[in-house]
**Student:** 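Once you've had a glance at the structure underneath, I'll fire off some questions.
Just so we're clear, the structure is a prediction, and the values are computed from it rather than from any experiment.
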Amino acid sequence: MSKYILDILSTPAILVGAFALIGLLLQKAKTSNVISGSLKATLGFVILGAGAGTLIGSLNSFSTLFEAAFHVKGVIPNNEAVVALALEEFGTATALIMVFGMVVNLVLARFTKLKYVFLTGHHTLFMACMIAAVFIAGGLSGPILIASGALILGLLMVVMPAILQPFTRQITGNDDIALGHFGSFGYLVAAVVGKYFGDKSKSTEDLKVPESLSFLRDTSVSISLTMLILFAIVSIAASPAYIEEALSGGQNWFVWAIIQSITFAAGVYVVLAGVRMLIAEIVPAFKGISDKLIPDAKPALDCPIVFPFAPNAVIIGFAFSFIAGLIGMFITPLLSLPVIVPGLIPHFFTGATAGVYGNATGGRRGAVLGAFANGALISILPALLLPVLGSLGFASTTFGDADFGIVGIILGYIIKVVQ
């Protein structure tokens with residue numbers, strides 16, 4: 001039964017579709033509009049997920065290539081991987097913390113000024129799992145484990161979107177949606193760094209491109225070329241022979257690099273299409289929930305929700321977050337910490353989002369410095385988190401995004417002090 005509940009609540013498309021359905025029913029919309037709106041909201045998230053899957057496939061190929069090229073061994077942060085390992089041991093606790101945490105979220109949204117409903121189901125699952133792992137490693141069990149875990153999760157689900165909302169409002173130009181993603185601390189740092197060290201008047205979206213390079217104004221083209229350069233450099237370092245033997249199935253290494261680069265750009269294109277459809281359906285549908293159940297409620301959605309507002313900042317953010325990760329890989333051993341190999345997935349999704357937030361407050365410089373700050377955070381925090389994860393700390397992967405590190409380290413310290 002717990003797995004059934006877990007499967008439903010950890011599937012963002014079903015969650016979003018259900019909320020859209022409830023909102024449209026509360027508005028007493030026509031049956032045709034209820035069906036259409038609910039399905040389109042769900043479809044938007046499925047399209048977003050399909051694009052993300054395409055991106056992740058390309059990024060995984062790059063990660064394998066990177067390891068082969070530079071022979072780097074260490075811990076690679078990846079939320080999906082560490083949760084898959086953890087659920088075997090903490091599955092029931094995770095499911096219960098997740099379910100009751102979502103209840104706490106709705107209660108807080110209804111009766112406090114924090115009117116945010118966190119709809120990023122997979123991140124809710126990840127955070128529930130991380131809390132369960134830290135608490136169990138600290139010796140907690142039974143009702144106190146579930147109750148305290150659910151309360152912390154529910155609080156995070158309203159507090160993190162609220163902290164970011166002033167900056168999210170600058171990005172979107174309205175107050176209709178919020179960001180529901182547990183990389184929020186990194187985005188907050190990016191926005192603050194952009195504010196104090198950037199120049200808001202010079203946006204990444206106003207970059208002047210010579211007429212001869214006007215084709216670079218197309219986001220898909222510029223992303224394809226950027227990724228091709230990266231793939232080509234790392235491919236040469238790894239050796240073309242290795243690629244043709246281990247990765248491309250005999251296909252010429254450069255042809256493989258071109259296809260991987262274009263596949264990555266296609267993934268970004270699909271993600272943006274899914275986001276646009278999702279916003280078009282979820283915001284009007286959410287009005288029903290806002291009016292009837294939780295006055296002034298805002299849907300807190302996954303981080304790609306901000307990508308269409310600053311596409312140039314997305315690729316700049318990814319690049320500079322990854323650069324910070326590469327530097328961090330050499331710094332962590334000097335601090336007597338485990339080597340954290342930069343994971344392409346966290347650096348793309350959180351780095352791109354940090355770039356958008358940094359650009360909103362500090363323009364191009366803000367996007368660069370803000371994303372770099374995020375990359376530094378997700379290089380250091382995972383290393384500091386490992387000791388409080390118990391048996392999971394010995395795995396070759398860990399949680400990647402900033403909030404998991406911050407929350408896990410704080411909870412681990414509190415448990416240690418209380419004991």
Side-chain angles (χ1 to χ4, degrees), residues 77-79 82 101 105 114 116 118 120 122-124 126-131 133-134 152-171 178-198 300-306 313 317-318 320-322 324-325 328 332 337 340 342-343 345-362 366-367 369-386 388-389 398-414:
N78 184 292
N79 296 331
V82 72
N105 175 194
L114 302 174
Y116 302 94
F118 198 99
T120 310
H122 62 295
H123 256 233
T124 308
F126 297 165
M127 184 60 80
C129 187
M130 195 276 297
I131 292 171
V134 173
I152 291 167
L153 178 61
L155 282 169
L156 289 170
M157 292 167 77
V158 293
V159 169
M160 301 317 289
I163 290 173
L164 280 180
Q165 193 60 15
F167 303 112
T168 305
R169 197 181 300 121
Q170 289 185 48
I171 293 168
L179 191 79
H181 190 266
F182 288 128
S184 298
F185 186 77
Y187 313 145
L188 177 64
V189 169
V192 172
V193 166
K195 181 178 180 180
Y196 289 103
F197 298 100
L301 301 166
D302 202 355
C303 64
I305 210 76
V306 300
F318 167 42
F320 281 91
S321 181
F322 184 62
T332 47
L337 293 171
I340 300 297
I345 294 169
H347 277 288
F348 175 74
F349 286 102
T350 71
T353 308
V356 175
Y357 275 85
N359 177 64
T361 59
L369 297 177
F372 190 90
N374 173 80
L377 280 173
I378 65 172
S379 299
I380 300 297
L381 289 174
L384 296 173
L385 177 64
L386 284 172
V388 302
L389 289 177
T398 185
F399 293 93
D401 305 349
D403 293 359
F404 298 106
I406 294 290
V407 174
I409 292 165
I410 291 173
L411 291 180
Y413 178 78
I414 290 172

**Student:** Nearest heavy-atom pair of V193 and G370: which atoms, and what distance?
**Tutor:** CG1-N, 4.0 Å

**Student:** Please report the closest heavy-atom contact between A402 and G186, naming both atoms and the distance.
**Tutor:** CB-N, 3.6 Å

**Student:** What's the shortest heavy-atom distance between G412 and V388, and which atoms?
**Tutor:** CA-CG1, 4.1 Å

**Student:** Just checking, is any N or O donor in the side chain of T168 or Y357 under 3.5 Å from an acceptor N or O on the other one?
**Tutor:** yes

**Student:** Rounded to the nearest 0.5 Å, what's the gap from CG on D403 to OG1 on T350? Could you check?
**Tutor:** 10.0 Å

**Student:** Might you work through the side-chain contact (heavy atoms from CB on, under 4.5 Å) test for T353 and H181, ending with a clear yes or no?
**Tutor:** CA-CA 10 Å; T353 308; H181 190 266; 5.9 Å; no

**Student:** Just distance, no hydrogens or angles: give the donor-acceptor pairs under 3.5 Å from side chains in residues 154-167, sequence neighbours left out.
**Tutor:**
residue: Q165; atom: NE2; partner: D175; partner atom: OD1; Å: 2.9
residue: Q165; atom: NE2; partner: I177; partner atom: O; Å: 3.1

**Student:** Got a second to check how far L384's CG is from Y413's OH, nearest 0.5 Å?
**Tutor:** 14.0 Å

**Student:** Any chance the rings of H123 and F404 have centres within less than 6.0 Å?
**Tutor:** yes

**Student:** Given 3.5 Å as the limit, does a donor-acceptor pair link the side chain of T124 with the main chain of T120, or not?
**Tutor:** yes

**Student:** side-chain hydrogen bond (donor to acceptor under 3.5 Å, both in side chains) with S321: which residues, sequence neighbours excluded?
**Tutor:** H347, N374

**Student:** Please report the closest heavy-atom contact between G408 and V134, naming both atoms and the distance.
**Tutor:** O-CG1, 4.1 Å

**Student:** Roughly how far, to the nearest 0.5 Å, is CG of L337 from CG of L385?
**Tutor:** 12.0 Å

**Student:** Taking it one step at a time, do I131 and L411 satisfy side-chain contact (heavy atoms from CB on, under 4.5 Å)?
**Tutor:** CA-CA 8 Å; I131 292 171; L411 291 180; 4.2 Å; yes

**Student:** How long is the gap from CG on L377 to CD1 on I406, to the nearest 0.5 Å?
**Tutor:** 7.0 Å

**Student:** Just verifying a value: how many Å separate F185 CZ and D401 CG, rounded to the nearest 0.5 Å?
**Tutor:** 13.5 Å

**Student:** Checking N105 side chain against Y116 main chain: does a donor-acceptor pair fall under 3.5 Å?
**Tutor:** yes

**Student:** For a quick test of reading the model, state the closest non-hydrogen atom pair linking T332 to S379 and the distance between them.
**Tutor:** CG2-O, 3.9 Å

**Student:** Under the rule for side chain to side chain contact (heavy atoms under 4.5 Å, CB included), what residues qualify as partners of F320, not counting sequence neighbours?
**Tutor:** I316, I323, V368, A371

**Student:** Got a second to check how far F197's CZ is from T361's OG1, nearest 0.5 Å?
**Tutor:** 11.5 Å

**Student:** What is the minimum heavy-atom distance between C303 and F349, and which atoms define it?
**Tutor:** SG-O, 3.9 Å

